[in-house]
Amino acid sequence: MIPTNISKTLFTDIANQFGTPVYVYHAEKIKEQYQKLLSAFEGTNTRFFYACKALTNINVLKYIKEIGCNIDCSSVNEVQLAVTAGFAPQNILYTSNNIDFSEIETAQALGVNINIDSISNLKKFGQKFGHSYPVGIRLRPNIMAGGNLKISTGHKDSKFGIPLEQIDKVLEVVKETNLRITALHIHTGSEIKDVEIFAKGIEVLFDIAQYFPDLEIIDLGGGFKVAYKPGDEVTDIEKLGKKVGEELALFEKKQGRKIGFWFEPGKFLVSEAGYFITKVNVVKDASTTVFAGVDSGLNHFIRPMFYGAYHVIENISNPNGPIKRYNVVGNICETDTFAEDRELNEVREGDLLLFYNAGAYGFEMASNYNSRYKPAEVLIRDGKAQLIRKRDVFEDLLRNQVGI
Ligand code: LLP
């Protein structure tokens with residue numbers, strides 16, 4: 001079992017008080033993760049921007065700000081959320097893809113850091129702002145990386161970033177419009193175990209750094225892998241921190257100027273800090289398997305179905321029950337299997353099942369499919385559990401519908 005320092009009684013109390021299904025986040029675990037990064041990269045001129053697409057509850061964003069972390073956004077609405085949470089513009093980064101130029105203009109007006117991922121938007125930016133506003137370029141380094149193809153974003157067929165082989169075109173635009181390029185960005189994927197992938201990214205960007213005299217930042221995106229089950233391989237951030245330090249020193253020696261690194265971790269900061277509690281509605285002994293049918297489904301927690309992701313599940317209502325095998329499934333009119341042939345302490349109707357690693361891309365990817373309500377969210381801080389989002393109610397389903 002993945003260790004957690006939250007007592008199972010607290011999870012049960014939360015389920016009883018706020019109902020199920022419910023997402024639960026542990027503030028201090030987020031801080032612990034951030035501190036791990038700070039200590040691994042100490043003395044290396046590195047800044048971290050939390051990729052808030054992983055989890056945008058405003059209370060979590062405020063907490064992220066409070067612990068001193070910066071924020072990375074993938075839509076102009078996330079930028080607005082970051083501003084609302086109190087982040088200063090210089091601590092906000094906007095890395096988008098395939099967006100309308102108007103979003104970039106809004107971000108510029110707010111004074112935040114911007115990475116642009118297409119030649120056409122780069123041109124528009126140059127024509128409008130020229131040298132007056134520093135900007136970053138998102139490149140596609142043609143590196144295959146990440147846990148699976150769906151979350152792999154830097155390979156040669158990926159839609160993300162400007163293909164590296166078009167660097168001449170980029171330079172033409174930069175020259176033509178007198179752009180001030182201060183950052184080069186790549187994000188090759190999520191769940192990158194191998195430090196060598198980051199090293200390869202550094203190599204690619206250092207190779208072209210000479211063409212950018214205003215360069216201040218190499219931004220390697222997110223993608224640090226965390227453990228989803230005991231024994232899982234994770235990104236060795238200590239090793240990466242060391243590598244980054246060495247590369248920075250080498251760069252300075254070779255090019256006679258200083259730069260810094262930025263990273264945009266999402267999962268690393270919030271995945272393990274989050275839990276998802278569901279209640280078992282039905283135990284169905286079918287001929288081939290026993291189904292444990294919970295009061296949730298792919299509408300609330302899609303990672304297992306969409307990515308084939310493995311999440312530890314624990315029956316916190318019957319911790320000493322005999323071990324049996326179940327298919328843990330949802331209540332949606334689709335095949336929404338959370339876990340197949342999974343060993344659990346005997347599951348009875350009404351039992352609470354606790355899902356681990358639900359902080360990143362859990363609630364954030366939830367929907368109202370089958371006209372079900374989105375779950376509530378609770379934050380545990382200083383040992384106290386507080387509601388930070390109410391469960392939907394019936395009116396929410398109709399809120400934006402217009403009668404004709
Ligand atoms: N920076 C950029 C530009 C990104 O596109 C992403 C994630 C990150 C940072 C953060 O990556 P992380 O550190 O969280 O791996 N929904 C999928 C993950 C999609 C990631 C999208 N981009 C999942 O649940 O596995």
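Throughout, residue positions are numbered sequentially from 1 according to the sequence presented. Side chains are part of it too, since the values below use all heavy atoms of this structure and drop only hydrogens, waters and symmetry mates.
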Participant: Could you go through residues 210-220 and list every donor-acceptor pair under 3.5 Å that involves a side-chain atom there, pairing it with any protein atom two or more places apart or in another chain?
Facilitator:
unit_1 : atom_1 : unit_2 : atom_2 : d
Gln210 : NE2    : Asp207 : O      : 2.9
Asp219 : OD1    : Gly221 : N      : 2.9
Asp219 : OD2    : Asn115 : ND2    : 3.3

Participant: Within a strict 4.5 Å, meaning less than it, do heavy atoms of the Leu354 and Ile313 side chains meet?
Facilitator: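 Leu354 does not reach Ile313 side chain to side chain.
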Participant: For Ser152, enumerate each residue passing the side-chain hydrogen bond (donor to acceptor under 3.5 Å, both in side chains) test, keeping only those at least two apart in sequence or located in another chain.
Facilitator: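 With sequence neighbours excluded, Ser152 shows a side-chain hydrogen bond (donor to acceptor under 3.5 Å, both in side chains) to no residue whatsoever.
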Participant: Answer yes or no on whether Lys150 is positioned over the face of Phe306, meaning its NZ or CZ is under 6.0 Å from the six-membered ring centre and within 45° of the axis.
Facilitator: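 Yes, a cation-pi geometry.
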Participant: So do the side chains of Phe129 and Arg180 get within less than 4.5 Å of each other, counting heavy atoms only?
Facilitator: no
Participant: Measuring from atom CD of Gln80 to atom SG of Cys73, what distance do you get when rounded to the nearest 0.5 angstrom?
Facilitator: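 If we round to the nearest 0.5 Å, Gln80:CD and Cys73:SG are 9.5 Å apart.
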Participant: For the residue pair Leu397 and Ser371, what are the closest heavy atoms and their distance?
Facilitator: CD1-O, 3.5 Å
Participant: Please say whether more than 12 non-hydrogen atoms of neighbouring residues, nucleotides or ligands are located less than 6.0 Å from CD in Gln90.
Facilitator: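 Check passes, neighbour count above 12.
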Participant: Can you name the closest pair of heavy atoms from Ala54 and Val270 and give their distance?
Facilitator: CB-CG2, 3.8 Å
Participant: Considering only heavy atoms from C-beta outward, does the side chain of His187 approach that of Leu139 to under 4.5 Å?
Facilitator: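 When only atoms from C-beta onward are counted, Leu139 and His187 do not touch, as no gap falls below 4.5 Å.
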Participant: Would you say Tyr356's side chain and Phe276's backbone share a donor-acceptor pair under 3.5 angstrom?
Facilitator: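 Side chain of Tyr356 to backbone of Phe276: no pair is present.
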Participant: Tell me the closest heavy-atom pair linking Asn368 and Lys374, and the distance in Å.
Facilitator: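 Nearest pair, atom of Asn368 first, then Lys374: ND2-N, 3.6 Å.
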Participant: For Glu28 and Asp382, work out which heavy atoms get closest and say how close.
Facilitator: OE2-N, 2.9 Å
Participant: Can you confirm whether Thr44 sits close enough to Phe261 that some side-chain heavy atom of one is under 4.5 Å from a side-chain heavy atom of the other?
Facilitator: no
Participant: Is there a donor-acceptor pair under 3.5 Å between the side chain of Asn318 and the backbone N or O of Glu346?
Facilitator: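 Side chain of Asn318 to backbone of Glu346: a pair is present.
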Participant: Both conditions, 6.0 Å and 45 degrees, for the charged tip of Arg303 above the ring of Phe355: are they met here?
Facilitator: no
Participant: Identify, with sequence neighbours excluded, every residue that meets salt bridge (charged side-chain N to carboxylate O under 4.0 Å, His left out) alongside Glu165.
Facilitator: Arg140
Participant: Quick one: list whatever passes side-chain hydrogen bond (donor to acceptor under 3.5 Å, both in side chains) with Asp295, sequence neighbours left out.
Facilitator: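 Asp295: side-chain hydrogen bond (donor to acceptor under 3.5 Å, both in side chains) contacts with Thr20.
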Participant: Salt bridge check, Glu238 against Lys242: does any charged N sit closer than 4.0 Å to a carboxylate O?
Facilitator: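 The answer is no: the pair does not qualify as a salt bridge.
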Participant: With heavy-atom distances below 4.5 Å as the criterion, would you say the side chains of Asn70 and Ile92 are in contact?
Facilitator: no
Participant: What pairs with Ser271 under side-chain hydrogen bond (donor to acceptor under 3.5 Å, both in side chains), at least two apart in sequence or on another chain?
Facilitator: Asn357
Participant: Give a yes or no on whether a salt bridge exists between Lys8 and Glu314, defined as a side-chain N under 4.0 angstrom from a carboxylate O.
Facilitator: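 Between Glu314 and Lys8 there is a salt bridge, with a charged N closer than 4.0 Å to a carboxylate O.
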Participant: For Glu233, is there an ion pair with Lys225 - N to carboxylate O distance below 4.0 angstrom?
Facilitator: no
Participant: Restricting to side-chain hydrogen bond (donor to acceptor under 3.5 Å, both in side chains), what partner residues turn up for Glu246, sequence neighbours left out?
Facilitator: none
Participant: Would you confirm whether the ring centroid of Phe263 sits within less than 6.0 angstrom of the ring centroid of Phe268?
Facilitator: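 Aromatic pair excluded; centres sit 6.0 Å or further apart.
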Participant: Contact between Val294 and Asn281 at the side-chain level, heavy atoms closer than 4.5 Å - yes or no?
Facilitator: no
Participant: Drop me the distance from Ser96's OG to Ile104's CD1, to the nearest 0.5 angstrom.
Facilitator: 5.0 Å
Participant: Is the shortest distance from a Lys or Arg side-chain nitrogen in Lys267 or Glu191 to a carboxylate oxygen in the other one below 4.0 Å?
Facilitator: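 Between Glu191 and Lys267 there is a salt bridge, with a charged N closer than 4.0 Å to a carboxylate O.
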Participant: Got Thr12 and Ser317 here, is their nearest side-chain heavy-atom distance under 4.5 Å?
Facilitator: no
Participant: Does a side-chain heavy-atom distance below 4.5 Å link Thr188 with Ile197?
Facilitator: yes
Participant: Of the non-hydrogen atoms in Ala227 and Val234, which two are nearest, and what is the gap between them?
Facilitator: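 In terms of heavy atoms, the two residues are closest at N-CG1, 3.4 Å.
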Participant: Taking the basic N atoms (NZ, or NE/NH1/NH2) and the acidic carboxylate oxygens, is any pair closer than 4.0 Å for Arg381 and Glu66?
Facilitator: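 Salt bridge present between Arg381 and Glu66.
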Participant: Which heavy-atom pair separates Tyr326 from Asn345 by the least distance, and what is that distance?
Facilitator: CE1-O, 4.4 Å
Participant: Got more than 12 heavy atoms from elsewhere within 6.0 Å of NZ, Lys193?
Facilitator: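 Not buried by this count: 12 neighbours or fewer within 6.0 Å.
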Participant: Find the distance between SG (Cys333) and CG (Asn370) and round it off to the nearest 0.5 Å.
Facilitator: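 Going from SG on Cys333 over to CG on Asn370, the span is 5.0 Å.
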Participant: Do Phe338 and His311 have ring centres separated by under 6.0 Å?
Facilitator: no
Participant: Establish, yes or no, whether a centroid distance under 6.0 Å links the rings of Tyr275 and Tyr23.
Facilitator: no
